[in-house]
Structures are given as C-alpha cells and as structure tokens.
Amino acid sequence: MRIVGLTGGIASGKSTVSNLFKANGVPVVDADLVARDVLRKGTGGWRRVVKAFGEEILQDDGEVDRAKLGQIVFSDPSKRQLLNKLLAPFISSGIFWEVFKLWMKGSKVIVLDVPLLFEAKMDRWTKPIIVVWVDPETQLQRLMKRDGSAEEHARDRINAQMDLDDKRRKADVVINNSGSLEETKEQFRDVLVQVLSPLSWTEFGLSRGGAFAALAFVIVGVLACRSIYNNNVTRS
Ligand SMILES: CC(C)(COP(=O)(O)OP(=O)(O)OC[C@H]1O[C@@H](n2cnc3c(N)ncnc32)[C@H](O)[C@@H]1O)[C@@H](O)C(=O)NCCC(=O)NCCS
Ligand SMILES: Nc1ncnc2c1ncn2[C@@H]1O[C@H](COP(=O)(O)OP(=O)(O)OP(=O)(O)O)[C@@H](O)[C@H]1O
C-alpha cells in the first residue's frame with residue numbers, strides 16, 4: 001500500500017487538492033474530520049478536553065464550541081500544546097483505523113490529508129509527501145475570506161503552524177496553489193500520474209494483495225515441504 005502524505009498550511013488548499021484526488025477515485029483520510037469525531041460530545045477526547053478547559057467551552061447542547069476553543073488555543077501556545085497533547089492519541093488511532101479500513105478494502109494508494117503531518121511527525125509513514133504551498137499574502141486573504149475572520153485571528157492561526165516555506169523544503173512534491181484553480185488542476189495532473197505509478201515491491205508487500213500473496217507463498221511452501229518429507233518417510 002502506498003500512503004501519500006498531503007499537507008500544507010491553513011487555507012493553503014489541502015482540501016481543494018484532496019477533492020481532486022477523490023474525484024479521481026483515490027481515497028483520502030482527512031485528519032480534520034477525524035479530529036472532529038474525537039471531540040464529539042461524550043467521547044473520550046471530549047471528556048479530557050472538558051476536564052482540562054472547563055465547561056465554559058461548551059455550547060448549550062453540550063458539544064464543544066469550536067470557535068471559542070479555537071480562539072483560546074490559537075492565541076496561547078501553551079493551551080494549544082495542551083489540546084494537542086490531549087487529543088493526539090485519539091487522532092492517531094482514528095487515522096490508523098481509517099487507514100486499516102481502506103487496507104481491508106484492498107486500496108493500493110491512499111492519501112493522508114494531515115495539516116500537522118510534520119509537526120506530529122507522521123511524515124515518516126508517508127511517501128511521497130505533497131505540500132500544497134501558497135504565498136503568504138494569498139493565504140491570509142483566503143483564510144480571512146473563507147472563515148470571515150479578522151486579520152489578527154487569521155494571523156494567529158497561520159503562526160500556530162510550522163512555516164510553510166519550511167514545509168515546502170521538506171516536500172517530495174510541491175503544488176503551488178497561489179494562482180487560479182485551473183493552474184492548480186494542471187499541476188495536479190502530473191502529480192496524479194506520479195501518485196498512481198506502479199507500486200514498489202515494499203509498497204506491494206504492505207498492501208492487502210501483497211499480504212495475501214505472502215501468506216499463499218508460505219502455505220504452498222509448507223505444503224511442499226510436508227509432501228517432500230512424507231515421500232522420504234514412505235521410501236525409507
Ligand atoms: C481548535 C479547534 C476546536 C478549532 O476548530 P475549527 O472548527 O475552528 O477549525 P478546524 O478544526 O476546521 O481546523 C482548521 C485548520 O486549523 C488548523 N489547526 C487545527 N488544529 C490545529 C493545531 N492544534 N495547531 C495548528 N493548527 C491547527 C489546521 O490547518 C486545520 O485544517 C480544532 O481545530 C481542534 O480541535 N484542533 C486540535 C486537533 C488538531 O490538532 N487538528 C488538526 C488535525 S492534524
Ligand atoms: N486556487 C485557488 N483559487 C482561489 N481560491 C482558492 C484556491 N484554492 C483554494 N481556494 C479557496 O481558499 C480557501 C482555502 O482552501 P482549502 O479549504 O482547500 O484549504 P485547506 O488547506 O484545506 O484549509 P484548512 O487548513 O483550513 O483545512 C477555500 O475557501 C478555497 O475555496
């Protein structure tokens with residue numbers, strides 16, 4: 001199985017690119033969705049976060065007020081670290097579970113869309129790593145427009161992540177999403193060819209088909225050895 005890493009900065013265009021993958025039949029595991037699930041009312045993540053941040057972060061229906069929690073953690077690095085620490089085990093096991101389900105289905109190539117791929121050191125599990133890059137001014141403008149947020153809050157969110165230029169340096173593939181959607185789609189076409197290229201032997205071995213092939217190989221080997229052994233015993 002090939003696990004492709006897809007990352008970038010906030011509002012750099014990861015979802016835009018992951019939608020292109022989905023439209024081309026490549027399954028995507030979205031870490032933001034997993035992170036939402038592990039913070040739903042009554043879950044283990046929810047309990048830990050409410051205990052640490054207090055009931056004032058809850059809405060009337062008991063769900064976490066995400067905007068409120070966002071304002072707290074994106075303006076205070078120590079609170080953000082605390083939230084990350086509390087949720088990290090739930091998020092990683094949620095991602096693992098999603099990958100496992102796709103493995104069971106027999107998917108050969110999957111994309112992990114993880115905003116904090118490098119920060120959470122999950123990059124070691126993915127190859128190639130695609131970074132969706134955007135120039136800083138466009139990033140700020142798109143973020144403010146999408147979230148309807150003030151410049152100060154948007155900057156807090158951008159500054160809460162590793163510098164996008166540093167991420168670009170660590171990438172195997174860079175998609176520059178500073179231009180039009182059409183320009184991004186054009187770059188994406190080449191990336192898709194690379195992502196869907198034939199699997200290496202290691203990647204094949206890690207896929208469900210590879211595991212079954214290895215198992216079949218072992219079973220045939222054992223049966224052959226037993227038959228040779230039995231023939232030798234009968235002859236002697
Ligand atoms: C603080 C929360 C409640 C704010 O929710 P909100 O709906 O406003 O934002 P959303 O979850 O859609 O995230 C939007 C973007 O913010 C960035 N972001 C989210 N969490 C973090 C974080 N801890 N550090 C830096 N950037 C982050 C990501 O780029 C993400 O794509 C939420 O982001 C959260 O629970 N974050 C902690 C979990 C986490 O680390 N998520 C990232 C998945 S790897
Ligand atoms: N090439 C583009 N031209 C114009 N607008 C774009 C382009 N790419 C993305 N956008 C817009 O910019 C915003 C951010 O894009 P997107 O949601 O894909 O980013 P993201 O990296 O997934 O964000 P997040 O980190 O918050 O999950 C969206 O409103 C999207 O419609």
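Each ligand, and each atom within it, is numbered from 1 in the order the structure gives. Reckoned from all heavy atoms, side chains included, excluding hydrogens, waters and symmetry mates.
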- Query: Given Q139, R146, K14, which one has a non-hydrogen atom that is nearest to atom 26 (O) of ligand 2?
  - Reply: R146
- Message: With a cutoff of 4.0 Å, is A160 in contact with ligand 1, counting heavy atoms of the residue only?
- Response: yes
- Message: Main chain of G8, side chain of S12: is a donor-acceptor contact present, judged purely on distance under 3.5 Å?
- Response: no
- So, does D147 use its side chain to make a donor-acceptor pair with the main chain of S149 at under 3.5 Å? no
- Message: For the residue pair R168 and W133, would you count it as a cation-pi contact if the rule is NZ or CZ under 6.0 angstrom from the ring centre and within 45 degrees of the ring axis?
- Response: yes
- Query: Is it true that a side-chain atom of K170 and a backbone atom of F118 form a donor plus acceptor pair closer than 3.5 Å?
  - Reply: no
- Query: Tell me, which protein residue and heavy-atom name are nearest atom 22 (O) of ligand 2, and how many Å apart are they?
  - Reply: S15 OG, 2.6 Å
- Under a 4.0 Å N-O cut-off, is there an ion pair linking R2 with E203? yes
- Where does R66 meet ligand 1, judged by heavy-atom distances below 4.0 Å: at the side chain, the backbone, both, or neither? both
- Message: For G179, state whether at least one heavy atom is located under 4.0 Å from any atom of ligand 2.
- Response: yes
- Nearest protein heavy-atom contact for atom 40 (O) of ligand 1: which residue, which atom, what distance? L116 CD1, 3.7 Å
- Within 4.0 Å of some non-hydrogen atom of T16, the atoms of ligand 2 are 8 (N), 9 (C), 15 (O), 16 (P), 18 (O)
- Query: How far is atom 9 (O) of ligand 1 from its nearest protein heavy atom, and which residue and atom is that?
  - Reply: R157 NH1, 3.4 Å
- Query: Nearest to atom 31 (O) of ligand 1, what protein heavy atom do you find, and at what distance?
  - Reply: D32 OD2, 2.6 Å
- Query: What part of V17, side chain, backbone, both or neither, has a heavy atom within less than 4.0 angstrom of ligand 2?
  - Reply: neither
- Looking at atom 16 (O) of ligand 1, what's its closest protein heavy atom, distance included? I10 CD1, 3.4 Å
- Can you find an N or O of I10 that's nearer than 3.5 Å to an N or O of ligand 2? no
- Is it true that E152 and R155 make a salt bridge, defined as a side-chain N closer than 4.0 Å to a carboxylate O? no
- Side-chain ion pair, K127 and D172, N-O less than 4.0 Å: yes
- Item | atom 23 (N) of ligand 1 - nearest protein heavy atom and its distance | N84 OD1, 2.7 Å
- Message: Looking only at protein heavy atoms, which one is nearest to atom 27 (O) of ligand 2, and what is the separation?
- Response: D32 OD2, 3.4 Å
- Message: Counting non-hydrogen protein atoms only, what is the nearest one to atom 3 (N) of ligand 2? Give residue, atom name and distance.
- Response: R142 NH2, 3.2 Å
- Message: One thing to verify: whether K167 and E119 come together as a salt bridge, which I'm taking to mean a side-chain N less than 4.0 angstrom from a carboxylate O.
- Response: yes
- Where is the nearest protein heavy atom to atom 36 (N) of ligand 1: which residue, which atom, and how far? L83 CD2, 4.0 Å
- Note on the structure: For atom 19 (O) of ligand 2, the closest protein heavy atom turns out to be G13 N, 3.1 Å
- Message: Applying the side-chain contact (heavy atoms from CB on, under 4.5 Å) criterion to P115, which one of I10, L6, D32 satisfies it?
- Response: D32
- Message: Could you identify the single nearest non-hydrogen protein atom to atom 8 (N) of ligand 2 and state the distance to 0.1 Å?
- Response: N177 ND2, 3.0 Å
- Is any side-chain N of the basic residue among K79 and D76 closer than 4.0 Å to the acidic one's carboxylate O? yes
- Note on the structure: On a heavy-atom basis, the closest approach of V34 and I95 is CG1-N, 4.0 Å
- Within 4.0 Å of some non-hydrogen atom of R36, the atoms of ligand 1 are 7 (O), 12 (O)
- Task: Mark yes or no for whether S92, through its side chain, and A88, through its backbone, hold a donor-acceptor pair below 3.5 Å.
- Result: yes
- Item | Whether S12 lies under 4.0 Å from ligand 2, heavy atom | yes
- Answer with side chain, backbone, both or neither: which part of S180 has a heavy atom less than 4.0 angstrom from an atom of ligand 2? backbone
- Task: Identify, by atom number and element, the atoms of ligand 1 in contact range of Q161, meaning under 4.0 Å from any of its heavy atoms.
- Result: 17 (C), 18 (N), 25 (C), 26 (N), 27 (C), 28 (C), 29 (O)
- Query: What do we get for V73 next to ligand 1 when only non-hydrogen atoms under 4.0 Å count, side chain, backbone, both or neither?
  - Reply: side chain
- When distances are taken from atom 20 (N) of ligand 1, the protein heavy atom at minimum range is F74 CZ, 3.9 Å
- Query: If you take all heavy atoms of V134 and N177, which pair is closest and at what distance?
  - Reply: CG2-O, 3.7 Å
- Nearest-contact summary for atom 35 (O) of ligand 1 - protein heavy atom, Å: L39 CD2, 3.7 Å
- Query: Looking only at heavy atoms, which two atoms of L39 and R66 are closest? And how far apart?
  - Reply: CD2-NH1, 4.0 Å
- Query: Could a heavy atom of G9 be found less than 4.0 Å from some atom of ligand 2?
  - Reply: yes
- Query: Side chain of T126, backbone of I3: donor and acceptor closer than 3.5 Å?
  - Reply: no
- Message: Under 4.0 Å from atom 31 (O) of ligand 2, is there at least one protein heavy atom?
- Response: no
- Should the pair F204 and W201 be assigned to parallel (<30°), tilted (30 to 60°) or perpendicular (>60°) ring geometry? perpendicular
- Query: Against heavy atoms of I91, which atoms of ligand 1 measure under 4.0 Å?
  - Reply: 38 (C), 39 (C)
- Item | E119 and ligand 1 - part of the residue with a heavy-atom distance under 4.0 Å | neither
- Under 3.5 Å donor-acceptor, S18 side chain and D113 backbone: no
